[in-house]
Engineer: 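This is the structure I want to talk about, given as structure tokens.
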Amino acid sequence: MNVYEKIGLQRVINCSGRMTYLGVSTFSDEVAKAAVEGGQSYVVIADLLERAGQIIAGYTGGEDACPTSCASAAIALSVAGIITGGKKSLVERMPDSTGLKNEIIVQRGHVIEFGAPMKTVIRTGGGILKEVGNVNITLPEDIEEAIDENTAALFFCKSHHCVQEGIVPIETMAEIAHRHNLPLLVDAAAEEDFRKYLKKGADLVCYSGAKALEATTSGFVTGRKDLIAAVRKQYGGIGRCMKVGKEQIMGLLKALECYENKDMDAYVRNQKETNAYLIEELNKLPGLKAREVQDEAGRAIYRCVVEVDEKITGMKALDIDMALLEGNPSVRTRNEFLNATVLTFDPRPMVKGDKELIVEKIKTILQK
Ligand SMILES: *Cc1c(COP(=O)(O)O)cnc(C)c1O
């Protein structure tokens, strides 16, 4: 029995991905140890925020950085930092930004929902999203012409949730922003490269700690020194409602250290080994056709996709998904989220023993 079963909850097998609704990721013993040690000692929090920020900056190529409770908090605090410039009276007024430059320009294909609407997150920081262009096509002049005396920043979201074609690229967004003396804020919450977007010209970039890094629940923003200082000031304002704990921060720092030395070959190899097992076992079952596919956004993620021949199985992929979800353990595939017509398994979040349980459960479902 795991700790969640002990309090009366289902055991969950996550083969969906780094999903917030399933607890995002699991952390390593090393990260756990750092979090425990951090949690069992005292520290001057203001010093920890600054020092941790410097360390995060070292791993990400920022001039400075600031730890946060999650990526959404990083975005909200960044917006508030940009709007207030860190001025105390303004910090204490947030999220009321009446009369200040508070509009955040975004291309329409980037106004996403990731469990909460992006609009809400921006508004929490006192920002008002100004959507420009069209969902499937936005041009540089759409951005350029939207800039006026109320503009606080340009915003770019790098995510598989976003429209990928017909968008204004990040380099162009940076060029336009800087020509107008505005910062470019980037949401790269789930991305795996912590340096890339600063190199492309972003002024502030927000990341999740629990997604690619598999850290404790946390996040951070990295980038320009003056803006980071203004972000940090928000802990005396709206940031108090998004307090980041010392244990979260110490887990995050350890995860960044481990990530530097991450064996990418082993990471891919583990995925492929799990997929190979699933493909071999599932292809033995009549009506199922399993194969491996790479992530649609081109990341080093390989998933197992299973086509279901309804004529043979008597069940649609979605029916099998629903049956997988029911009972204990509850197997959560990607389809629950995507509502696709095939079964999709992400091997990354799976822990030891999961793949065998998945195959067993599918066999039982198909026998019914
Ligand atoms: C997950 C995600 C977020 C939110 O990150 P949290 O750390 O859960 O707050 C924001 N933007 C994108 C693109 C995401 O994928």
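Start at 1 and go down the list; that is how both ligands and their atoms are numbered. None of the values given here were measured: they were computed from a predicted structure.
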Engineer: Please tabulate, one line per pair, the protein N or O atoms found under 3.5 Å from any N or O atom of ligand 1, giving the distance to one decimal.
Structural biologist:
unit_1	atom_1	unit_2	atom_2	d
ligand 1	7 (O)	A71	N	2.8
ligand 1	9 (O)	A71	N	3.3
ligand 1	9 (O)	S72	N	2.8
ligand 1	9 (O)	S72	OG	2.5
ligand 1	11 (N)	D187	OD1	3.3
ligand 1	11 (N)	D187	OD2	2.6
ligand 1	15 (O)	K211	NZ	2.8

Engineer: So, are E131 and R108 salt-bridged, with charged N and O less than 4.0 Å apart?
Structural biologist: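 Yes, charged N to carboxylate O under 4.0 Å.
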
Engineer: Return a table of donor-acceptor pairs under 3.5 angstrom between the side chains of residues 279-288 and protein atoms on other chains or two or more places apart.
Structural biologist:
unit_1	atom_1	unit_2	atom_2	d
E281	OE1	K284	NZ	3.4
E281	OE2	K284	NZ	3.0
N283	OD1	A290	N	2.6
N283	ND2	I279	O	3.3
N283	ND2	A290	O	3.3

Engineer: Does K262 count as lying over the ring of Y267, i.e. NZ or CZ under 6.0 Å from the six-ring centre, within 45 degrees of the axis?
Structural biologist: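 Yes, K262 and Y267 form such a contact.
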
Engineer: So does K130 pair up with D148, basic N to acidic O under 4.0 Å?
Structural biologist: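 Between D148 and K130 there is a salt bridge, with a charged N closer than 4.0 Å to a carboxylate O.
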
Engineer: Find out if a path of hydrophobic residues (ILVMFWY) with successive side-chain heavy-atom gaps under 4.5 Å connects I143 to I112.
Structural biologist: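 Same cluster.
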
Engineer: Any salt bridge between D346 and R332, counting N to O under 4.0 Å?
Structural biologist: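 No salt bridge links D346 with R332.
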
